[in-house]
Every structure is written in C-alpha cells, then in structure tokens.
Amino acid sequence: MSEAHAFSQAFVRGEMLPPAEAPVTERGAVKWLRENLFSSPLNALLTIVSIFVIWSVLAHILPWMVNGIWDASSLTECRAIRDERGLDSAACWAVIADRWHQLMFGFYPQDLYWRPILAFVLLGVAVAPVLYGSLSRKMLWFSLAYPFLAVWLLWGGSVWGPVSVAMGFCAGWLALRLLSTVAGTLAAVIAALLAPVLWWLFAAAPVAEYLTSVLPVGLTEVASRDFGGFMLALVIGTSAIVLSLPLGILLALGRQSNLFIINKVSVTFIEVIRGVPLIVWLFTASLLLNYFMPPGTNFDLIVRVIIMVTLFASAYIAEVVRGGLAALPKGQYEAADSLGLDYWKAMRLIILPQALKISIPGIVNTFIGLFKDTTLVVFIGLADPIGFSNLIRADTAWNGIYWELFIFIGLLFFIFCFFMSRYSLYLERKLQTDHR
Amino acid sequence: MTDASTAHEIDRAQLRVSDEVAIQIDGMSKWYGDFNVLREIDLTVYRGERIVICGPSGSGKSTLIRCINALEEHQKGKIVVDGTLLSSDLKNIDKVRSEVGMVFQHFNLFPHLTILENCTLAPIWVRKVPKKEAEEIAMHFLQKVKIPEQAHKYPGQLSGGQQQRVAIARSLCMRPRIMLFDEPTSALDPEMIKEVLDTMVQLAEEGMTMLVVTHEMGFARQVANRVIFMDEGQIVEQNEPEEFFNNPKSPRTQLFLSQILGH
C-alpha cells in the first residue's frame, strides 16, 4: 500500500497549483463591457451615441429635479428664489408641498382626513389575505365587511345605512341556504337574487332609520362633491377592480354557455360596452342616467361612475377570461364531467382556477388600464388628481405650472401600477405547478 | 331479465359472469351533424364483465363508451346504466357519471392540484365524504396503483405511466361500479404500457365491470370475457376472446386482425 502510494506520488500532484488568473479582457467588468457594449465596431459606435444622448438628457433633467425648490408659496416666488441662487433651472416642487392635501384628498374636510387615511390602511389589511394565501383565512371575514366599513368611513352618516345594505346580502345568502335544501337549486338561486333586491327597495331604508333612532352611531357626513384628488382615483379604481373581476368571469362563462338567451345577452353586453369609448359611458353616467331615474332620486355621481367603469372593465375582463377558458384542453372539462361534478363545481374547482391562472397577465393588464383610466373622470367634472392640477393652475399663484404636477401625479400612478405588475409576476410564479 | 335477451345472446350465456345487467343499450344511434357515427347499437353488459372494444380508427368505439357516461349525447335509442335511464335530465347524468369511472387516453389529470387532491376532489365535492376520510381512501387506491409516495407531487412531475395510474386511482376513489377505459395506453411510451395494463388486470381480477377500448390484443386475450369488433359505427362481431382471435367470422374482422396482429 505504502509502496503503491509512494509510487503514485511521482505521477499525481498532491497539491494543485493555484489557478492562473484569466486575462483582464475575460473577467469582471471588462468582460461584461466587451460582450455587451463593445462587441463590434457598430455596437461600440451605438454605445457611444446612446451614452451621449442619455447624458445630455440627464444633464438637463437631473439638476432641474435635484435643485428643486420646496418652500415657496407661488410660482413667482419660486422663480425669484431660483434667480437668487443663481440656478439655470429648478423644479418648483413647492406646489406639491403647498397643495399636498388637495392633491390627496380634494375638498375633503381637513379635520376628517383621518377617515380616508384609516380607510386606506384598512384596505391594505382587507386585501392582504386575498392577495397572499398564506395569511389566515379568518381575515377574509374582514375583507368581506371592509367595503361597507370603507363606505361608512369615507361618506360618513349613520353606521346603520351600510349595515342595512349589508343585511341585503345576508338576506340573499340566507334565502340560498334555506331554499336549496327545500326547493330546487334554480328556485334557490332566483330567491337569492330577489331577496336582497326586495330588501333594498322596501326594508333597507326603514330599518336603517329605525336603528338610527334607537342607537344613533354615526360620523359627520361628507358629500361626494368634496371627494377629490388621489383619494378619488383610489376609490373609483379599487371599487371597479374588485367589482369587475367577478362580473367579468360571469360574462365569460355566459359567453361560453349553451343556453341561448344567456349566451346572447352576454355577447351583446360585451360587444356594446367594449365598442363604445369609456368617455362616452362616463358622460352617460353623469348626464343621461338621471333621465332614466325616477324623479327625485338622487343617485350619487361617484357611484354612477363606479358602475360605469366597472361595466366597462368587466367586458374586457370577460374577453381575457374567455381566452383562458378557450386555452384549457377539452379533456379538463371532460374529466370534471366524468367525475360527476356539476357545472358550477366543475367551473369553480377545475376550470376557473386554471383559466384564471392563464389569464393573470391579461387581467392585471386590464386592471392597470382601468386604474389609469380613472383620470378620465376629469371630463365629467370630478376633481381627480388631473382635475386638481387644472384647479391649482387656475389659482394665480400657480398659474403656468405643469411639469412638476404631472410628474408627481404620474409617479403616484406608477407606484400603484408597478405594484400590480410585480404582484402578477409573483402570483404567476406561485401558481406554477408544471415544474419538473 | 334473461327473457328480454334476444336469441343472439343465448350462445354466449355461458360467458356471463352474472345475470345482473350493468349497462343496457337498445337501438342507439348518434350523429355528428350529418355524419352517422353510431348506427343502431344494441349491447348488454352484465355485472362483472370485462369487454374489450376494438376496431379501426373512426369506427365509433370511443364514441360508444363516451355515450355511456353522457360525455357524448346520443340522438336515438335508449341507454340504461345501472338502472338509470340516460336522458337530458342533468340529475340522472350526474348520478350515472358518479357511478361510472372513466380513464382517458391523455389522462386528463388536473394540473393545478396535487395527486392527492386530484383523487379526493370528487369524493369530497360529489359524495360529501369528509376530507380526512377522502384522503384515506385516496391513499388506499394510490397504494393499489403503487404510487403512494407521489401523493404530494403535481401531475406535471410524473411520467406518463404514473399519471395514467393516478387517473385510474382517481376514478376508483369514487367507488364506481363500472369503469370505462378510452385507449388508456395509446399515449404512453412502450415501456410504460405494461405498468398501466398490470393495474387494469388487477382491477379485472377483482371483478370490476370494465369496458376497454384498446389495441392491446394481449390484454384482450388475458382478461376480456368478450371482445367486440366495431366498424363504421356498428358492432360487426362479438365473441369470447379465444373464438374471436382464432376464428373470426366476418371478413372485416379477419382483415382488421390480420393487419394488427400480422406485423
């Protein structure tokens, strides 16, 4: 053994030489530069031109942004400070500091700002268990209650108003539970749709009034016309996003349905809503809907806008989901059928989870578009951030200020849209089960 | 029941495993548009029978077994499965489907669910079995098809043969009284066919009523107690396997057998 070992030593190196360093052109930053920026004379030229363009843009914008003036009460004052400091150009961020509250809350009463802020924080709590499945399922009860809580926080008034509206949903659920055991499924579904409508039409108002007289719990009322700024965009955006997804799914299923009437109603709805510009629907909401309402009913403008944006987005969602449904192999439908699952169970457990997963990029795309489209409400006189930037310019102190406001508004929208986009990537990765 | 059987069945009386009828098909026809896929099919399947259906492609053999659990609608005639008449009544259809297991050529496992969830889904949602019990049943059948260790993987992580065995286990979890197999080995690599056939042989030995559409003639010889040859939407010939393979009567059967056994 030892002899063999000794023998082998002559041939096998016991200790390796340290590896020689690669030539400087083949490692680290130099390698990266060579491969990515200077791989050929043409690429080298393009790199240099690009760097020059980027540099000349940044050379103008960066000092303008960084040297921005934060404390001034008017554009004139901003310019005076700029000249005083001897700067060529300087952003006048002071307008954002000066009008921060209005950009955020519109004309919402100053002493009540805590209410939208609380509603926004609770929105995070309500949305978290929906977005991240790892959180406790019990939190979903709060998510269900949140819409009513948010309405109460934002608009104020008696707490019993939203509560009695919520009771309508409970009535529908009760009708479904009670009747599905006694009568057939169809009867139960019809009753479940009818019960809440009857409740809202006839019982909701008196019940709310009665409860208020017994136990008056309420917040100061805030009128819809005082809503504005980024808060308004969020209220319209989140409501429409949350409402349009289920409606869009139902429409997609309706469009696939073999039932003639349901099929044709869905197709007509989707094509009509999608074929007309959103701005037309918004004008319809603000002007025409009142003609169709019984005289004397005052249907809140923001609610009308939310309904229109929801319907509009749901038509798009329906088509995106239909794409997902069509992408599933027929075998999945057949396997679900062959196991004896009825239509709704097959949809809920087998088809929709897969179809929605396929549709995630399209759905989030629609949501991002919808959220940005909320700025269109400026045309029907609602003071969303864009609307407010116009109002701010109407003030002589800030007349002529554009860039700073638009950059700020754009940045806010970007943050929300970027979050949605990242979330959709996270969700796609999480739901990926075809890994090997 | 025996009285109702017509004369042409009497010569097969000794093949019957029992007198209890599992599936009764009378004068059933089906069209795809103008194309007549199935013509006047008459078939009685007795409890415990293992029937292999073969025939050239387009002969309607898959369509026939898909009619039995109403994946395809028939336009004429009568199908009674386990005493339930298949009509447009959805309740009857769902009842039949929950009693009849089906295994597909392309497995059709649910890719978004684990193997265990694939197996427990229908018992939990259709049979209302408690989750824990459903999982025990599922593990029992996964053990039977010899892949309990894969229970928490996803279908995409399994081989074709394993997926098909899971598909069989998934059907068995519903405790079906009849199993339909629609070319269960046609999409498999050759080395995986055996593991699936073995599972099916085991099932046959336990007395399951089985209708199998397949080109695996070895399987037919081994387990079938009746082989049916179909062509152009009709049952051309049916017989016990020995007679069927050694002494086919119809020229079309002879041609078909010479083609698939010849090479």
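Below, all heavy atoms of this structure are taken into account, side chains as well, without hydrogens, waters or symmetry copies. Keep in mind it's a predicted model, so treat the numbers as computed, not measured. Per chain, numbering begins at 1; letters A, B, ... match sequence-line order.
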**Asked** Under a 4.5 Å heavy-atom cut-off, does chain A meet the side chain of B/Leu109, its backbone, both or neither?
**Response** backbone
**From CD1 (A/Ile350) to CG (B/Leu121), nearest 0.5 Å** = 4.5 Å
**Asked** Would one find more than 12 heavy atoms of other residues, nucleotides or ligands at under 6.0 Å from atom CD1 of A/Ile261?
**Response** no
**Message:** If you count every heavy atom of other residues, nucleotides or ligands that lies below 6.0 Å from A/Phe260 atom CZ, does the total exceed 12?
**Reply:** no
**Request:** Please check if atom CH2 in B/Trp125 has more than 12 non-hydrogen atoms from other residues, nucleotides or ligands closer than 6.0 Å.
**Result:** no
**Atom pair CZ (B/Arg170) and CG (A/Leu339), whose distance is rounded to the nearest 0.5 Å** = 5.0 Å
**Spacing of CD belonging to A/Gln332 relative to CZ belonging to B/Phe104, to within rounding of 0.5 Å** = 10.0 Å
**Prompt:** Which residues from residues 60-71 of chain B are near chain A, with near meaning under 4.5 Å between non-hydrogen atoms?
**Reply:** B/Arg66, B/Asn69, B/Leu71
**Prompt:** Counting only heavy atoms not in A/Arg274, do more than 12 fall under 6.0 Å of its CZ?
**Reply:** yes
**Message:** Would you compute the distance between atom CE of B/Met174 and atom OG of A/Ser338 and round it to the nearest 0.5 angstrom?
**Reply:** 9.0 Å
**Request:** Can you tell which part of B/His112 gets under 4.5 Å to a heavy atom of chain A, answering side chain, backbone, both or neither?
**Result:** both
**Request:** Heavy-atom distances under 4.5 Å only: say whether B/Val96 touches chain A with side chain, backbone, both or neither.
**Result:** neither
**Prompt:** Does NZ in A/Lys430 sit with more than 12 non-hydrogen atoms of other residues, nucleotides or ligands closer than 6.0 Å?
**Reply:** yes
**Asked** Within a reach of under 6.0 Å around CD of B/Glu73, are more than 12 heavy atoms found that belong to other residues, nucleotides or ligands?
**Response** no
